[in-house]
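Report on the following structure.
If you're wondering where the values come from, they're calculated on a predicted model, not measured in any experiment.
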Amino acid sequence: MTPMSERRLAQFKANRRGYYSLWIFLVLFVLSLFAEFLANNKPILVHHSGELWMPVLFSYTEIDLGGELNIEADYTDPYIMELIRDSGGWAIWPPIPYTYNAADLYLEEAAPAPPSTVHWLGTDDTGKDTLARLIYGFRLSVIFGITLTILSSIIGITVGAVQGYFGGLVDLFGQRLVEIWAGLPILLILIILASIVQPNVFWLLGILVLFSWMPLVGVVRAEVLRARNFEYVRAARALGVSNQSILMGHVLPNAMVATLTYVPFILSGAVTTLTALDFLGFGLPADSPSLGELLAQGKANLHAPWLGLTGFVTLGLMLTLLIFIGEAVRDALDPRKTMVTQLS
């Protein structure tokens, strides 16, 4: 690690709020990656007839368990569990024995059921466990946001770098096209397209990528315009180094410092956009785990406040952590604060 990187890392750690927010966010995200082992209506491990099976990863039929039907076993059915016990076996269940898309058929109260020892955060109006949908929805939102941020950053950095480096007519026409594209009503276009095409994760990702790259263009363009006139860039041109090599090896590294400060905020914006579309009913399919759908459930069931509060607290916590992380990254890359840390 270079001395500059060490100083930036020390400056990032000095921002305690952002540093601890990063760890909290990473722990929550890593846990959500193993959602199938935390919330599932299939056992993690089953011992049956002297063999160990993992229904959480593999599919087994009723015939495999000694039943009669050649369909996937429903482990919430008392008949299936009786077959396992009759063979002298046992099953290890996840902490939350419900998945995001399966209703509890044995609810003792009308849905939406309030929080209890069975459903820790209650159920929605279809009898699905709220905590299970929350875990899966958190994972989907973060992965969607990270993917959208990476793709948008690649496009935005490329467009800004080309405009700033070549300048002239390339920059002039490029800026006009960016301004026209930025003036389009993004949400309205998404709503119109959603009414024509059945949306899914990849469809939404592709549409949002088309409109999410613009915030980075201005930052990268300004940094490249400044860096292209440095002496070492002129020297590289005089030596006959190709424009691509100069951009990748000399100019872009200077622009990336300012660009990285925007990444956490782009991620939070991507999560917010997906949540808003799901809340309005123009996002993911109805059976998908979604924070926006959870908020819509809370709006439609005001007599079940645990639904709206769960979605609000989760979304607020996620965005707060991302903003704090963004502030810490900004401080770490700020040359003025880096110099103060070095002097002290």
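For the atom pair CH2 of W23 and CG of L28, the computed distance is 13.0 Å after rounding to the nearest 0.5 Å. Of the inter-residue distances, the one linking I63 atom CD1 with L83 atom CG reads 12.0 Å to the nearest 0.5 angstrom. We find the CG-CG distance between L148 and L274 to be 9.0 Å, quoted to the nearest 0.5 Å. Annotation: the span from S268 atom OG to L321 atom CG amounts to 11.5 Å, rounded to 0.5 Å. To the nearest 0.5 Å, the span separating CG on D278 from CG on L204 amounts to 7.5 Å. Distance check: R139 CZ to F29 CZ gives 9.0 Å after rounding to the nearest 0.5 Å.
Formation of a donor-acceptor pair under 3.5 Å by the T99 side chain with backbone atoms of A102 is not found in this model. Between the side chain of T147 and the backbone N or O of I143, at least one donor-acceptor pair lies under 3.5 Å. Looking only at distances, no side-chain donor or acceptor of N301 sits under 3.5 Å from a matching main-chain atom of H303. The backbone N or O of L291 sits nowhere less than 3.5 Å from a side-chain atom of T275 that would complete a donor-acceptor pair.
For V209 against S152, the heavy-atom pair with the smallest separation is CA-OG, 4.3 Å. The two residues L267 and G145 have their closest heavy-atom pair at CD1-C, 3.1 Å. Minimum heavy-atom separation, V263 to S153: CG2-OG, 4.5 Å. Between M318 and F25 the shortest heavy-atom distance is CG-CE1, 4.3 Å. Of all the heavy atoms in I135 and S32, the pair that sits closest is O-CB, 4.1 Å. Heavy-atom minimum distance, P112 versus W306: O-CZ2, 3.4 Å.
The cluster map of Ile, Leu, Val, Met, Phe, Trp and Tyr, joined by side-chain heavy atoms under 4.5 Å apart, puts F265 and L319 in different clusters. Taken together through direct or relayed side-chain contacts under 4.5 Å among Ile, Leu, Val, Met, Phe, Trp and Tyr, V219 and L225 form parts of separate hydrophobic clusters. No continuous path of hydrophobic side-chain contacts links L169 to V178 [ILVMFWY only; heavy atoms under 4.5 Å]. A single hydrophobic cluster is not seen to contain both L140 and F202; linkage of ILVMFWY side chains at heavy-atom distances under 4.5 Å, directly or through other members, places them apart. A continuous path of Ile, Leu, Val, Met, Phe, Trp and Tyr side chains, each step under 4.5 Å between heavy atoms, connects L45 with L57, placing both in one hydrophobic cluster.
Applying the 6.0 Å contact sphere to OH of Y262 captures no more than 12 heavy atoms from other residues, nucleotides or ligands. With a 6.0 Å radius and a threshold of 12 heavy atoms from other residues, nucleotides or ligands, F230 has its CZ atom above the threshold. Within a 6.0 Å radius of OH in Y79, more than 12 heavy atoms belonging to other residues, nucleotides or ligands are found. Crowding of F173 atom CZ: a count of heavy atoms from other residues, nucleotides or ligands under 6.0 Å not exceeding 12. Dense packing is recorded around CE of M54, with more than 12 heavy atoms of other residues, nucleotides or ligands lying under 6.0 Å away.
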Can you give the donor-acceptor pairs under 3.5 Å from side chains of residues 236-245 to other protein atoms, not counting sequence neighbours?
{"from": "R237", "atom 1": "NE", "to": "Y165", "atom 2": "OH", "distance (Å)": "3.4"}
{"from": "S242", "atom 1": "OG", "to": "S245", "atom 2": "N", "distance (Å)": "3.3"}
{"from": "S242", "atom 1": "OG", "to": "S245", "atom 2": "OG", "distance (Å)": "2.9"}
{"from": "N243", "atom 1": "OD1", "to": "Y165", "atom 2": "OH", "distance (Å)": "2.9"}

For residues 37-44, run the donor-acceptor check on the side chains, cut-off 3.5 Å, and write out each pair with its distance to 0.1 Å, sequence neighbours left out.
{"from": "N40", "atom 1": "OD1", "to": "K42", "atom 2": "N", "distance (Å)": "3.2"}
{"from": "N40", "atom 1": "ND2", "to": "E36", "atom 2": "O", "distance (Å)": "3.2"}
{"from": "K42", "atom 1": "NZ", "to": "E72", "atom 2": "OE2", "distance (Å)": "2.5"}

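Put simply, the side chain of K128 does not reach to within 4.5 Å of the side chain of T123, judged on heavy atoms. Y100 is not listed as a side-chain neighbour of S288, based on a closest heavy-atom distance of 4.5 Å or more. In this structure the side chain of Y106 reaches within 4.5 angstrom of the side chain of P78, judged on heavy atoms. With contacts defined as side-chain heavy-atom distances shorter than 4.5 Å, the pair W90/I84 does not qualify. Residues L22 and F12 meet the side-chain proximity criterion, which asks for heavy atoms closer than 4.5 Å. A 4.5 Å side-chain heavy-atom check between M214 and W181 finds at least one atom pair inside the cut-off. When side chains are defined from C-beta on, Y136 does not count as touching N101, because their heavy atoms never get closer than 4.5 Å. No side-chain heavy atom of V46 sits less than 4.5 Å from a side-chain heavy atom of Y60.
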Evaluate side chain to side chain contact (heavy atoms under 4.5 Å, CB included) for Q11 paired with R7, printing each intermediate quantity in order. CA-CA 6 Å; Q11 185 61 36; R7 290 195 294 270; over 6 Å; no

Determine whether L65 and Y75 satisfy the following criterion, side chain to side chain contact (heavy atoms under 4.5 Å, CB included), listing intermediate values before the conclusion. CA-CA 11 Å; L65 296 172; Y75 299 91; 4.0 Å; yes

What's the verdict on ring pair (Phe, Tyr, Trp, His ring centres under 6.0 Å) for F58 and W53, showing C-alpha distance, side-chain angles and the deciding distance? CA-CA 8 Å; F58 305 100; W53 296 349; over 10 Å; no

Applying side chain to side chain contact (heavy atoms under 4.5 Å, CB included), run through R133 and Q297 and close with a yes or a no. CA-CA 12 Å; R133 291 186 65 81; Q297 286 272 350; over 6 Å; no

Under the side chain to side chain donor-acceptor pair (under 3.5 Å) rule, what do E327 and N15 come out as? Steps first, then yes or no, please. CA-CA 8 Å; E327 291 178 349; N15 190 321; 5.3 Å; no

Pair Q163-V224, side chain to side chain contact (heavy atoms under 4.5 Å, CB included): steps then yes or no: CA-CA 8 Å; Q163 287 185 216; V224 173; over 6 Å; no

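Put simply, the residue from D104, D124, T130 that forms a side-chain hydrogen bond (donor to acceptor under 3.5 Å, both in side chains) with H119 is D104. A side-chain hydrogen bond (donor to acceptor under 3.5 Å, both in side chains) with S87 is found for exactly one of H48, E82, E51, namely H48.
Geometrically, R17 engages F324 in a cation-pi contact defined by less than 6.0 Å to the ring centre and at most 45° from the axis.
Ion pairing between a basic and an acidic side chain is recognised when a charged N comes within 4.0 Å of a carboxylate O; R221 and D171 show such pairing.
Judged by distance alone, the side chains of E62 and N70 never bring a donor and an acceptor atom under 3.5 Å apart. Looking at D64 and T61, their side chains do bring a donor and an acceptor atom within 3.5 Å of each other.
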